[in-house]
Amino acid sequence: LVLITFLQHTDEAVPHYRGKEWTFLRGALATVDRDYGVLNFLFHHITDSHVAHHLFSTMPHYHAVEATKHLKKILGKYYLSDNTPVLQALWKSTRTCRFVEDKGEVLWFKAPVLCVD
């Protein structure tokens with residue numbers, strides 16, 4: 001469960017908003033749908049329909065897949081999904097999403113810059 005939650009909310013493409021830049025819609029869209037294969041079914045599609053869950057948290061889970069199909073069309077480029085295999089996505093996110101800079105109202109994950117003296 002920790003792995004799934006981490007990968008739903010941790011990606012270079014996921015912005016973090018604060019102050020006047022934050023709205024419910026922007027916050028709700030700050031998540032990624034990922035394909036976990038058979039686990040999608042076992043976890044009632046919270047893995048591959050997580051954007052729908054963020055937008056409509058009281059919607060019964062058995063409608064999430066259908067809702068996601070429509071959301072993809074409506075949201076277009078604002079819908080985030082990633083079909084990278086889970087272990088590869090975990091490796092990438094743990095390497096590139098180490099911290100969020102404390103500047104501005106729209107924040108992005110960053111990786112540390114390695115300096116060799």
Side-chain angles (χ1 to χ4, degrees):
L1 188 56
V2 173
L3 168 72
I4 291 168
T5 304
F6 175 78
L7 287 177
Q8 287 169 332
H9 302 98
T10 309
D11 191 279
E12 292 174 301
V14 176
H16 294 264
Y17 302 100
R18 62 182 177 185
K20 292 181 180 178
E21 290 296 324
W22 187 90
T23 64
F24 171 80
L25 182 59
R26 282 183 149 186
L29 293 178
T31 188
V32 180
D33 281 350
R34 294 186 186 274
D35 184 2
Y36 289 78
V38 71
L39 292 179
N40 293 335
F41 175 78
L42 293 174
F43 292 130
H44 304 287
H45 293 279
I46 194 66
T47 49
D48 61 337
S49 64
H50 200 66
V51 173
H53 164 74
H54 270 225
L55 290 168
F56 309 104
S57 60
T58 60
M59 175 180 58
H61 70 273
Y62 48 83
H63 290 304
V65 172
E66 181 183 352
T68 296
K69 290 177 191 174
H70 299 288
L71 283 173
K72 286 179 185 180
K73 294 175 194 170
I74 293 167
L75 295 173
K77 70 178 184 175
Y78 299 105
Y79 171 77
L80 297 178
S81 67
D82 184 6
N83 289 325
T84 302
V86 174
L87 292 178
Q88 264 185 289
L90 177 62
W91 176 255
K92 179 184 170 206
S93 288
T94 56
R95 303 280 298 162
T96 61
C97 301
R98 296 288 183 94
F99 67 94
V100 176
E101 287 188 326
D102 194 21
K103 293 189 262 182
E105 299 292 305
V106 180
L107 311 171
W108 299 92
F109 280 114
K110 302 285 184 179
V113 177
L114 300 176
C115 298
V116 178
D117 292 333

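Keep in mind that this is a model prediction, so the values were computed, not measured. For this chain, numbers begin at 1 and follow the sequence in order.
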| field | Polar side chain donor-acceptor pair, His53 to His44, under 3.5 angstrom | value | no
| Any Phe56 side-chain heavy atom under 4.5 Å of Leu71 side chain | yes
| field | Where Ala52 and Ala67 come nearest, the two heavy atoms and their spacing | value | CB-CB, 4.4 Å
| request: Provide the closest heavy-atom pair for Val51 versus Leu80 in the form atom of the first, atom of the second, distance. | output: CG2-O, 4.0 Å
| message | For a 4.5 angstrom cut-off between non-hydrogen side-chain atoms, does Lys92 reach Gln88? | response | no
| note | CH2 of Trp108 to NE2 of His16, rounded to nearest 0.5 Å, is 9.0 Å
| query | So if you build clusters from Ile, Leu, Val, Met, Phe, Trp, Tyr with side-chain heavy-atom gaps below 4.5 Å, do Phe41 and Ile4 land together? | reply | yes
| task | Grab the two heavy atoms, one from Val100 and one from Leu107, that are nearest each other, plus how far apart they are. | result | CG1-CB, 3.1 Å
| Would you call Glu21 and Arg26 a salt bridge, using N to O less than 4.0 angstrom? | yes
| Arg34 versus Asp11: any side-chain heavy-atom pair under 4.5 Å? | yes
| Are the aromatic ring centres of His54 and His9 under 6.0 angstrom apart? | yes
| Are any of the side-chain heavy atoms of Ile46 and His61 separated by less than 4.5 Å? | no
| query | Can you hop from Phe43 to Tyr62 via hydrophobic side chains spaced under 4.5 Å? | reply | no
| field | N/O donor-acceptor pair under 3.5 Å between Ser93 side chain and Leu90 backbone | value | no
| Atom pair CG/CZ of Leu55 and Phe24 - distance to nearest 0.5 Å | 6.0 Å
| Got Leu7 and Val32 here, is their nearest side-chain heavy-atom distance under 4.5 Å? | no
| query | What distance separates His45 NE2 from His50 NE2, expressed to the nearest 0.5 Å? | reply | 15.0 Å
| query | For the side chain of Ser49 and the backbone of Thr68, is there at least one donor-acceptor N/O pair under 3.5 Å apart? | reply | no
| Between atom OG1 of Thr23 and atom OH of Tyr17, what is the distance when rounded to the nearest 0.5 Å? | 7.5 Å
| said: For a side-chain contact (heavy atoms from CB on, under 4.5 Å) check, start with the C-alpha distance between Leu42 and Tyr36, then their side-chain angles and the critical distance, and finish with the verdict. | reply: CA-CA 10 Å; Leu42 293 174; Tyr36 289 78; over 6 Å; no
| Heavy-atom donor-acceptor pair, Thr31 side chain to Gln8 backbone, under 3.5 Å | yes
| query | Do Val86 and Leu3 have side chains that get closer than 4.5 Å, going by heavy atoms? | reply | yes
| message | Using 0.5 Å steps for rounding, measure from the CG atom of Asn40 to the OG1 atom of Thr47. | response | 3.5 Å
| task | Taking the side chain as every heavy atom from C-beta outward, state whether Tyr79 and Lys73 have any pair of such atoms under 4.5 Å apart. | result | no
| Can Met59 be reached from Leu25 by stepping across I, L, V, M, F, W or Y side chains whose heavy atoms are under 4.5 Å apart? | yes
